[in-house]
Amino acid sequence: MQLADMIQKRQSVRRYEKTPVSPEQIAQIRAFIAAMKPLYADIQVKAELIEKDAVKSLFPWVTPQVIAIFSEDKEGAMENVGFLYQQLDLFLQSIGLGTCWLGVGRPSEDAIFAAAGQDGLQYVIMMSFGYPKEALYRDSVHDFHRKALADIADTADARLEPARLAPSSMNSQPWYFVHDGELLHLYCVQKGVDKAKKLNRLDAGIALAHLYVSNMDTFVFTKKAVPERKGYGYIGSVRI
Ligand SMILES: Cc1cc2nc3c(=O)[nH]c(=O)nc-3n(C[C@H](O)[C@H](O)[C@H](O)COP(=O)(O)O)c2cc1C
């Protein structure tokens, strides 16, 4: 199944079987992670599979295994993580696994050190994944609770539908696109505490991942000198 086909039906899953994912599927997942396309190739990112016992979380539904994501702390790191790991989110769903990003909670300190601390990378976020105990897919695109196309861009543009449907932290959908000739400049809301600002940038990377998988042959990401938008940060510009 194509990753782009997942965009119209995916949903976060929060009820799971207790069975760990099979070693064959874990191998498939590792191979996919190694082949994902980054937004910034010069930012080092690492994923570690950690056991539920090494996760501090308030959620009773956290899966037996969790993917913990670490990154170099550089400009662009958050959108890079969102862009990379939303590809994984779609892939997991395409092989019949449920997923949910986990912005709340973190690995225990020991697990952080054992997993990636030695490389000097910073912990960013986790992703739960496993065999779903509830519907993996939405029945229809009408089941998405999302802003209208006209509210996420200066002009309603059907090409932005994959970005419109993207998941985001607390469903905040902080992205906004501005047309400029062939380019779409992407901004995201930059208000609130530092963690919220970071997650907003990660969310913007997720929206970009949906545009990428829907336009794999033509997608180009660049940075331009663009006008500032009050209350927003600039993420980058895309041609799709
Ligand atoms: C960066 C990020 C962090 C998230 N953190 C959590 C979380 O900690 N707990 C949770 O239940 N859902 C979390 N979610 C899931 C969102 O609530 C969900 O994606 C959003 O409400 C849209 O719903 P959908 O994914 O079913 O389309 C997170 C999503 C993203 C993108």
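Read the numbers this way: they start at 1 and go in the same order the structure lists the ligands and their atoms. Residue indices begin at 1 and follow the sequence shown.
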(request) Begin from the C-alpha positions of Leu97 and Tyr131 and carry the test side-chain contact (heavy atoms from CB on, under 4.5 Å) through to its verdict. (result) CA-CA 5 Å; Leu97 297 173; Tyr131 299 116; 3.6 Å; yes
(request) Please state whether the rings of Trp61 and Phe59 are parallel, tilted or perpendicular, taking 30° and 60° as the class boundaries. (result) parallel
If you have a sec, work out which protein heavy atom is nearest [atom] and how many Å separate them, to one decimal?
atom: atom 26 (O) of ligand 1; answer: Ser12 N, 2.9 Å
atom: atom 27 (O) of ligand 1; answer: Arg146 NH2, 2.6 Å
atom: atom 12 (N) of ligand 1; answer: Arg14 NH2, 3.1 Å
atom: atom 13 (C) of ligand 1; answer: Trp101 O, 3.2 Å
atom: atom 16 (C) of ligand 1; answer: Ser168 O, 3.4 Å
atom: atom 21 (O) of ligand 1; answer: Asn171 CB, 3.5 Å
atom: atom 5 (N) of ligand 1; answer: Gly103 N, 2.9 Å

At a 4.0 Å threshold, what atoms of ligand 1 neighbour a non-hydrogen atom of [X]?
X: Leu202; answer: 1 (C)
X: Gln11; answer: 26 (O)
X: Trp61; answer: 11 (O)
X: Val104; answer: 8 (O)
X: Phe59; answer: 7 (C), 8 (O), 9 (N)
X: Ile206; answer: 31 (C)
X: Arg138; answer: 24 (P), 26 (O), 27 (O)
X: Asp203; answer: 1 (C), 31 (C)

(message) Is it true that, when you exclude Met216 itself, more than 12 heavy atoms of the residues, nucleotides or ligands shown sit nearer than 6.0 Å to its CE?
(response) yes
(request) State whether the number of non-hydrogen atoms from other residues, nucleotides or ligands found under 6.0 Å of Asp139 atom CG is greater than 12. (result) no
(request) Quick one: look at Gln173 and ligand 1, take heavy-atom pairs under 4.0 Å, and tell me if it's side chain, backbone, both or neither. (result) neither
(message) Just verifying a value: how many Å separate Glu134 CD and Ser12 OG, rounded to the nearest 0.5 Å?
(response) 9.5 Å
(message) If I take atom OH from residue Tyr176 and atom SG from residue Cys188, how far apart are they, to the nearest 0.5 angstrom?
(response) 14.0 Å
With the threshold set at under 4.0 angstrom, would you say [X] reaches ligand 1 through any of its heavy atoms?
X: Gln86; answer: no
X: His145; answer: no
X: Leu165; answer: no

(request) Mark yes or no: Lys37 above the aromatic ring of Tyr212, with NZ or CZ under 6.0 Å from the six-membered ring centre and no more than 45 degrees from the axis. (result) yes
(message) Give me the atom names and distance for the closest heavy-atom approach of Ser214 to His210.
(response) OG-O, 2.7 Å
(message) Side chains of His145 and Asn171: any donor to acceptor distance under 3.5 Å?
(response) no
Does one hydrophobic cluster hold both [X] and [Y], with members joined at side-chain heavy-atom distances below 4.5 Å?
X: Val189; Y: Leu202; answer: no
X: Val178; Y: Leu160; answer: no
X: Val21; Y: Met6; answer: yes

